[in-house]
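Throughout, numbering of the chain's residues begins at 1 and tracks the sequence. Every number for a ligand or one of its atoms is a count from 1 in the order of the listing.
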Amino acid sequence: MTVLRVDSLHVHYGTIHAVQGISFSLEEREIVSIVGSNGAGKSTVMWTLAGVAERSGGTVDLFGKPLPSKPHEVVARGLALVPERRRLFSALTVEENLVMGAYRRKKDEGIAEDLERCFRLFPILKQRLKQRSGTLSGGEQQMLAISRALMGSPRILLLDEPSLGLAPIVVDTLMETILQIRDAGMTVLLVEQNATQALEISDRGYILEAGRFIKSGSGPELAGDPEIIRAYLGG
Ligand code: ATP
């Protein structure tokens with residue numbers, strides 16, 4: 001089943017044409033990566049899908065219906081974004097950040113189960129519950145940012161550069177977790193600048209350059225493509 005369909009998406013910031021007519025779709029339970037260098041337009045695509053940035057052309061369908069125009073409506077329809085650099089409330093505790101992620105729920109409905117699900121994925125967060133999130137390590141903050149998004153019970157999770165600033169060993173764990181999230185039934189769209197590992201765990205990938213897709217293929221195929229390695233993967 002196609003859960004998200006993007007057709008000829010364009011986004012402008014004034015005279016800057018940041019996204020120039022890209023098309024792609026996500027099938028249920030896929031992991032798809034968009035890879036590209038700094039300024040290629042990756043975050044802009046994510047913000048547009050989350051209802052934060054406005055598109056200047058094209059259509060986006062979420063579960064077969066037009067994408068809502070307001071961010072909270074997009075979340076209510078089952079799509080959650082984990083933004084680049086995590087954007088946590090650093091003065092709040094881990095627990096408070098998690099509860100914020102469940103804000104759209106009716107009173108306590110399902111929140112306890114979702115908390116338990118987060119602790120199964122990230123046991124360390126349970127030990128850190130009363131700690132201010134600003135005092136966590138980078139890896140723990142990323143776990144918290146993902147957990148906060150999961151507290152809204154999304155069916156599609158958008159991850160914008162989750163590995164940014166994390167040590168290689170922490171990135172390995174993160175990639176494992178993304179696979180577990182998919183195995184739990186979610187669809188994942190992953191954006192990465194540092195892309196080998198992202199492509200390796202992805203069913204499909206797209207290479208974004210100056211607002212356009214210049215190549216697509218299966219994740220492992222792109223991860224092993226000499227031209228891609230030379231241009232994007234630091235090979
Ligand atoms: P990065 O990895 O640095 O986040 P990116 O691939 O995510 O890069 P975007 O952040 O989407 O790229 O930026 C795409 C283009 O749009 C760039 O030329 C950028 O300078 C421009 N841009 C992004 N945000 C704005 C904004 N708020 N106002 C004006 N131009 C912007």
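In this structure, Y206 and F24 have tilted ring planes: the angle between them lies in the 30° to 60° band.
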Run E192 and S163 through side-chain hydrogen bond (donor to acceptor under 3.5 Å, both in side chains) and show every step you take. CA-CA 8 Å; E192 278 285 355; S163 72; 2.9 Å; yes
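Atom CZ of R132 is surrounded by 12 or fewer heavy atoms from other residues, nucleotides or ligands within 6.0 Å. Other residues, nucleotides and ligands place more than 12 heavy atoms under 6.0 Å from the CD atom of E116. Counting non-hydrogen atoms of other residues, nucleotides and ligands closer than 6.0 Å to CZ of R29 gives a total above 12.
Pocket lining of ligand 1, defined as residues with a non-hydrogen atom under 4.0 Å away: Y13, I16, A18, S37, N38, G39, A40, G41, K42, S43, T44, E84, E161, Q193.
For the pair E84 and K42, the salt-bridge criterion is not met [side-chain N within less than 4.0 Å of a carboxylate O].
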